[in-house]
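To start, the structure itself, in C-alpha cells.
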Amino acid sequence: MSENFNGNFTQQAPIPEDGIDAALDVLRSGRLHRYNLGPDEVGEVGLLEREFAAFTGARYALAVASGGYAMATALRALGVAPGEPVLTNAFTLAPVPGAIASVNAVPVFVGVTEDLTIDLDDLAAKAGAARVLMLSHMRGHMCDMDRLMEICDGAGITVIEDCAHTMGAAWNGVPSGRFGKIGCYSTQTYKHMNSGEGGFLVTDDDAVMARAILLSGSYMLYGRHGTVPPDAAFAEIKYTTPNVSGRMDHLRAAILRPQLRNLAQSCADWTARYRVIETGLRGTPGLRIIERPEAERFVGSSFQFLLLDWAAEKVEEVIARCARRGVELKWFGGAEPEGFTSRYDSWRYAPSAPMPASDRVLRGILDMRLPLTFSLEDCAMIARIIRSEVGSVFQAR
Ligand SMILES: *Cc1c(COP(=O)(O)O)cnc(C)c1O
C-alpha cells in the first residue's frame, strides 16, 4: 500500500490569539482608518511601521495596502516615467511586471539561472538598457547580492527589491530589502505574515519616503506616520505629489504586530520544513536540488526542485501522480498561465524576446508551498511521495 498525504497546501497557520484580541479592540473602537487617532496616539499602523523599520534596520517603513502597491509606489517615488524601460526577472510572478506596467513603464526581462536566481551575466549585458532594476527574490532564492550591487552601482542602476518571498531572509548578514534603495514586502495571506492583503516599503532615503508617504494617500497628515522624514523633505513635493490611495488600516496592523514579534521563529520553522524535504529528495535520480549558498539565510516557505531537460509529458506525469497521492506541485513550464503560476511570455502586455536558456530552466521548475500547518513528519512523507513518483517516471523513460 502506498501512503497518501492529506494536508492542505493552502492552509496557513491561524492568526495568533493576541492578534485576534488586538483586532477586536480595533473593531470595538470603530477607529479603523490610520489617521483616526487621538492627539498623541501613534496607533497600530504607526507602531507597526516603527517595528518593521526596526526589524529591517531601515530608517523608514511605510505600511500599505499590498505588496504590488508597494512596488508601484517605489517606481513612482523614483520618478519612473511612462515608456521607461525597467529591468526585472523573467522568473517571477505576475504582480512584478504588473507593478511596472501600472506606471506605464516597460518591463525588460533578465534571465534565470539553474539556481533560480537572476542571471547576473544577462543583467550585466542589459545594464545599459534601464536606470531601475525591480529585483524579485523569487521563491526566496537570493543571487550573489554583492555582485548584483556591483553591477548596478557600476551602471548607475537604482535597485528596488521585491521581498515578497524573503521577509526575514538575509545575504551575508544583510537583510533582504536593504541592498537596494527601496525594499518592498507583501503581507498577503501566502507570504511570511498574513493580513489577507497588505505590504510595506522600506528605505533610508528622506526624499523617497516623503514621496511614498504622500503617494500612499496621506493628505496633509504625513506627520502622523510611524517613521517620518524631516519636514523639509515634504516642503516642495506636497504640492506636486498625487495622492494614490493605498493605505494600511489599523485592523490589519493589529493582526500583523504579533506576527512580526514572532517572525524570526516562523522563519526558522519554515526552513526546518524545507530542510526535511531537501534531505528526503537528495539523491533522487533525475531530480536536481537547488543548492543554497552559505551566504544566504533563506526562509523555506516554499520548495522548488528541477526536472531539468525532462520531456513535458513526463513532467506532467510526475505532477499527476503526485497529485493522486495528495502532493500539489506547480509547474512553471506549462504553456498556459494557471492559478498563481505564469511565465514572462504569458504577460502579453510586456514585449519579450525568446530566452532559450531561461526557458530550459522554467520548463524544469516544480514548486510547492510549505505552510506552517505541515508538521516535519508531513514534510518527510511529502518527500517520500515525490521521491517515489519521480523515481518511477524516471525509470520508465
Ligand atoms: C505576492 C507577490 C507580490 C506582491 O504581492 P501582493 O501583496 O499580492 O500584491 C510581489 N512579488 C511576488 C514574487 C509575489 O509572490
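As the structure lists them, so they are numbered: ligands from 1, and atoms in each ligand from 1. One-based numbering along the sequence shown. Predicted model only: the values in this text are computed from it and were never measured.
One finds a salt bridge joining Arg360 and Glu114 here, because a Lys/Arg side-chain nitrogen approaches an Asp/Glu carboxylate oxygen to under 4.0 Å.
Ser176 has its side chain within reach of Glu161: a pair of non-hydrogen atoms, C-beta onward, lies under 4.5 Å apart.
Below 30°, between 30° and 60°, or above 60°: for Tyr190 and Phe340 the angle between ring planes is above 60°, a perpendicular geometry. Relative orientation of the Phe109 and Tyr344 rings is tilted, given thresholds of 30° and 60° on the angle between their planes.
In summary, the aromatic rings of Phe91 and Phe332 are positioned with their centroids under 6.0 Å apart. Between Tyr35 and Tyr222, the ring centre distance reaches or exceeds 6.0 Å.
In this structure, ligand 1 sits under 4.0 Å from heavy atoms belonging to Ser66, Gly67, Gly68, Met71, Thr92, Leu93, Pro95, Val96, Ser136, Asp162, Ala164, His165, Ser186, Gln188, Lys191, Gly198.
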